[in-house]
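The structure appears below as structure tokens.
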Amino acid sequence: LYSYNTCISACEATGDWKLARDLVDRIYAAGLTPDTITYNSAISTCAPSGNVEEALRFLDEMNENLIRADTVTYNACLACFKYSKDPRGALDFLETMKARNIQLNVFSYASCLAALEHVANIDNSMKLLAEMKEKSIRPNVVVFNTIIGACAKAKDKDLALKIFDDMKAADVKHDEITYGALIDACAKVGDWEKAISLLHDMVQENLKPNLIIFNACISACEKGGQAFKALEIFQNMKSQGVTPDVISYTACMNACEKSGMWQKALDFFNEMKDEGIAPTILTYNACIRACAKGGEPAKAVEIFNSIRDNNMSPSTVSYNSVMMALERGGQPEKALEYFREMLKSNIAPDNLTFNQCLKAASKLQDADLSLKLYGDMIKLGLKPDRFSFYCCIETAAKQGKWEEAVKILRTMHQEGVMPE
RNA sequence: CCUUCAUAUCCUUUUC
């Protein structure tokens with residue numbers, strides 16, 4: 001049984017819950033009885049894919065077979081919500097745990113906080129923190145780090161820094177991850193100076209900046225429009241023996257592109273390939289956008305096509321980016337061709353895709369097209385925003401159709417979209 | 001610290 005459990009545990013790294021399922025069945029087939037650890041491990045394999053259904057199936061199976069489900073079991077289930085379709089379900093599950101008299105611990109709250117990070121507002125996280133206090137469960141470094149991470153996602157840098165102070169006041173020792181989350185909070189609002197100052201702080205405290213820390217700093221400089229600072233950090237990390245990865249390169253490329261140095265962005269692209277680092281789809285997208293900004297639509301198309309040559313699929317953003325390049329290059333018809341190709345390839349268009357098309361329709365002065373696109377957006381459940389309406393109005397305006405323009409303005413009001 | 005639970009880093013449109 002110990003051997004089986006070890007194997008099941010190994011499935012977590014790859015998130016292979018099917019294999020875990022098979023191994024559990026084999027335990028029974030071998031005439032053995034799985035224990036709590038077997039199921040706890042099996043449930044954990046469902047976390048990377050956010051497969052809550054399968055996790056709960058394992059939990060039910062435990063109950064049917066009278067295998068005791070403990071706090072770790074329930075915590076493992078909670079962790080499955082993070083990447084599920086409904087991460088907020090973690091809150092309900094926490095209530096289920098209470099109702100079933102499962103003893104909550106710091107892991108329960110940390111898992112729940114991690115699940116909420118991407119979807120909820122920070123108030124929810126703060127409530128959970130308060131609840132821990134009530135229950136005399138002391139928040140640990142992971143709990144604080146997770147909350148700081150949530151502040152970063154919500155672009156609330158000040159709250160992130162305040163939590164950091166609270167953490168110190170509570171005598172909870174911070175670590176590299178704390179700094180990583182704090183620097184990310186600065187990055188998200190483009191405060192590159194604070195990000196770099198935090199980098200220095202951690203060095204002072206004898207915490208060694210790792211790859212993620214440097215990458216977050218590069219991103220902070222990029223967002224703050226400081227391309228040269230970003231490149232400086234890129235050099236610094238190398239001289240400190242930290243090898244840049246694909247994220248470092250992609251972040252640098254974005255920094256270059258944002259500052260108008262699109263050739264430099266492409267240089268990075270070539271350099272990373274020379275280093276034997278495989279680009280991700282995000283890297284390709286950064287390249288395409290650099291070409292778009294540089295007024296090189298042909299190059300953008302070339303790189304777009306090379307995505308498939310490298311056995312990857314263009315993403316929605318890839319299409320949006322290549323369409324942007326073509327539009328900027330004065331080829332709106334060609335941009336629309338890519339839109340059609342996108343639909344054929346079953347890549348889901350998003351709001352930006354449609355806005356891009358509406359912009360093309362405006363350039364082509366094609367009011368019928370813009371009307372059709374508007375209808376398609378609604379059909380697909382996408383919400384036209386101010387820019388979508390703006391394009392429609394512009395198209396009507398170019399054709400002197402003022403009545404049509406006024407009509408669109410009214411629709412806009414009805415839809416609750418505020419005009420500028 | 002060796003069978004089971006939680007945390008940080010990269011991409012897209014804005015009137016002229």
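Quick note on labels: first sequence line is chain A, next is B, and so on, each numbered from 1.
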(message) By the 4.0 Å heavy-atom rule, please label A:N355 as base, sugar-phosphate, or nothing.
(response) base

(request) Please state the P separation for the pair B:C5 and B:C1 - nearest whole angstrom. (result) 12 Å

(message) Does B:U12 have OP1 or OP2 under 4.0 Å away from a side-chain N or O of A:R289?
(response) yes

(message) Please check: side-chain N/O of A:T280 versus main-chain N/O of A:L282, any donor-acceptor pairing under 3.5 Å?
(response) yes

(request) Classify the nucleic acid contact of A:T250 as base, sugar-phosphate or nothing, counting any heavy atom under 4.0 Å across all strands shown. (result) base

(request) Just say parallel, tilted or perpendicular for the rings of A:F93 and A:F81, cut-offs at 30° and 60°. (result) tilted

(message) Keeping A:D92 on the side-chain end and A:R88 on the backbone end, is there a donor-acceptor pair under 3.5 Å?
(response) no

(request) Using a cut-off of strictly less than 4.0 Å, decide whether A:K258 has a side-chain nitrogen or oxygen near OP1 or OP2 of B:C10. (result) no

(request) Answer yes or no: does a side-chain N or O of A:K153 lie under 4.0 Å from OP1 or OP2 of B:U9? (result) yes

(message) Whether A:K82 contacts B:U7 is assessed here as follows: a side-chain N or O lying under 4.0 Å from the phosphate OP1 or OP2. Is that the case?
(response) yes

(request) Could you walk me through whether A:F164 and A:H174 pass ring pair (Phe, Tyr, Trp, His ring centres under 6.0 Å), step by step? (result) CA-CA 8 Å; A:F164 187 40; A:H174 52 265; 4.9 Å; yes

(request) Taking A:D175 for its side chain and A:I177 for its backbone only, find out whether a donor-acceptor pair lies under 3.5 Å. (result) yes

(message) What residues from residues 202-220 of chain A pass a heavy-atom cutoff of under 4.0 Å to RNA chain B?
(response) A:N210, A:I212, A:N215, A:A216, A:S219

(message) Check the orientation of A:Y249 and A:F268. Use parallel for under 30°, tilted for 30 to 60°, and perpendicular for over 60°.
(response) perpendicular

(request) Among B:U3, B:U12, B:U7, find the nucleotide with the atom closest to the side chain of A:A114. (result) B:U7

(message) Side-chain N or O of A:K188 versus OP1/OP2 of B:C10: is the shortest distance under 4.0 Å?
(response) yes

(request) Could you check whether A:E12 gets within reach of a base, just the sugar-phosphate, or nothing at all, counting any heavy atom under 4.0 Å? (result) sugar-phosphate

(request) Measure distances between side-chain N and O atoms of A:N140 and base N and O atoms of B:A6, and say whether any donor-acceptor pair falls under 3.5 Å. (result) yes

(request) With A:T250 as reference, evaluate A:D245, A:N285, A:N215, A:T283 under the side-chain hydrogen bond (donor to acceptor under 3.5 Å, both in side chains) test and give the passing residue. (result) A:T283

